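To start, the structure under review is shown below, and the notes come after it.
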Amino acid sequence: MKKIIYTDKAPAQIGPYNQAVLIGNTLYTSGQIALHPVTMELVLDDIETETKQVMENMKAVLQAADMDFDNVVKTTIFIMNMGDFARINNVYGSYFDERTAPARETVQVAGLPKGVNVEISMTAVK
């Protein structure tokens, strides 16, 4: 049975989707961008700050499903500029234990919602 996951500690959805959907023990998150959950303003000071906001938003979604980054088995990172990869990766990597980090792909794209530089989605399992 499908269970919709929502938290006000992450940005409210701005379209016909949910923050995450739980099916059995598997959580599928929507992509998160660097929207501040209270102000709904973009946090775009620099790529590190932007990535940190994305990861904090994702952390809130995981917590709403009684999970954390240890439960994450797969991530997808969409970035505008592959030249930012190392800086994004440093922030992203600080949220995981490298020995048990999830599978991942990183894709450079032509555009992202609201003109952001990075969007991340995750799949997690209890």
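Residues: numbered from 1 along the sequence shown. Please read all numbers here as calculations on a predicted model, not as lab measurements.
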Given 3.5 Å as the limit, does a donor-acceptor pair link the side chain of [X] with the main chain of [Y], or not?
{"X": "N117", "Y": "I47", "answer": "no"}
{"X": "N71", "Y": "D68", "answer": "yes"}
{"X": "Q19", "Y": "V61", "answer": "no"}
{"X": "E50", "Y": "V116", "answer": "no"}

- Query: Hey, is NZ on K3 packed in by over 12 heavy atoms from elsewhere, all under 6.0 Å?
  - Reply: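 No, the 6.0 Å shell around NZ holds no more than 12 heavy atoms from other groups.
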- Crowded around K114 NZ? As in, over 12 foreign heavy atoms under 6.0 Å?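 Result for NZ/K114: open.
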Same cluster or not: [X] versus [Y], using hydrophobic residues (I, L, V, M, F, W, Y) connected whenever any side-chain heavy atoms lie under 4.5 Å apart?
{"X": "V21", "Y": "I120", "result": "no"}
{"X": "I79", "Y": "V91", "result": "yes"}
{"X": "F78", "Y": "M80", "result": "yes"}

- Item | Verdict with supporting geometry, E119 and V109, side chain to side chain contact (heavy atoms under 4.5 Å, CB included) | CA-CA 10 Å; E119 179 175 2; V109 296; over 6 Å; no
[atom2] on [Y] to [atom1] on [X], rounded to 0.5 Å:
{"X": "L62", "Y": "M55", "atom1": "CG", "atom2": "CE", "result": "8.5 Å"}
{"X": "T106", "Y": "D84", "atom1": "OG1", "atom2": "CG", "result": "12.0 Å"}
{"X": "I23", "Y": "M1", "atom1": "CD1", "atom2": "CE", "result": "10.0 Å"}
{"X": "L44", "Y": "L35", "atom1": "CG", "atom2": "CG", "result": "8.5 Å"}
{"X": "I5", "Y": "T7", "atom1": "CD1", "atom2": "OG1", "result": "10.0 Å"}

- Message: K126 vs D66, test: side chain to side chain contact (heavy atoms under 4.5 Å, CB included). Steps then yes/no.
- Response: CA-CA 9 Å; K126 280 189 182 180; D66 296 321; 4.0 Å; yes
Side chains of [X] and [Y] in contact at under 4.5 Å (non-hydrogen atoms):
{"X": "P11", "Y": "E41", "answer": "no"}
{"X": "E56", "Y": "K52", "answer": "yes"}
{"X": "N90", "Y": "E48", "answer": "no"}
{"X": "I14", "Y": "M40", "answer": "yes"}

- Message: Can you list, by chain and residue number, the hydrophobic cluster partners of V73 when the side-chain cut-off is 4.5 Å?
- Response: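 Answer for V73: V125.
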- From the options I77, T49, V118, select the one residue that forms a side-chain contact (heavy atoms from CB on, under 4.5 Å) with V54. V118
Only distances under 3.5 Å count here; give the side-chain donor-acceptor pairs of residues 24-33 to other protein atoms, sequence neighbours excluded, each with its distance to 0.1 Å.
from: T29; atom 1: OG1; to: M122; atom 2: N; distance (Å): 2.8
from: T29; atom 1: OG1; to: M122; atom 2: O; distance (Å): 3.0
from: S30; atom 1: OG; to: N18; atom 2: O; distance (Å): 2.4

- Message: Looking at every non-hydrogen atom in both residues, tell me the closest pair between P37 and Q53 and how far apart they are.
- Response: CD-NE2, 3.6 Å
- Query: Step by step, would you call Q108 with F85 a side chain to side chain contact (heavy atoms under 4.5 Å, CB included)?
  - Reply: CA-CA 9 Å; Q108 181 173 324; F85 175 77; over 6 Å; no
- Message: Among residues at least two apart in sequence or on other chains, which ones pass side chain to side chain donor-acceptor pair (under 3.5 Å) with T75?
- Response: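 Side chain to side chain donor-acceptor pair (under 3.5 Å) check on T75 returns Y92.
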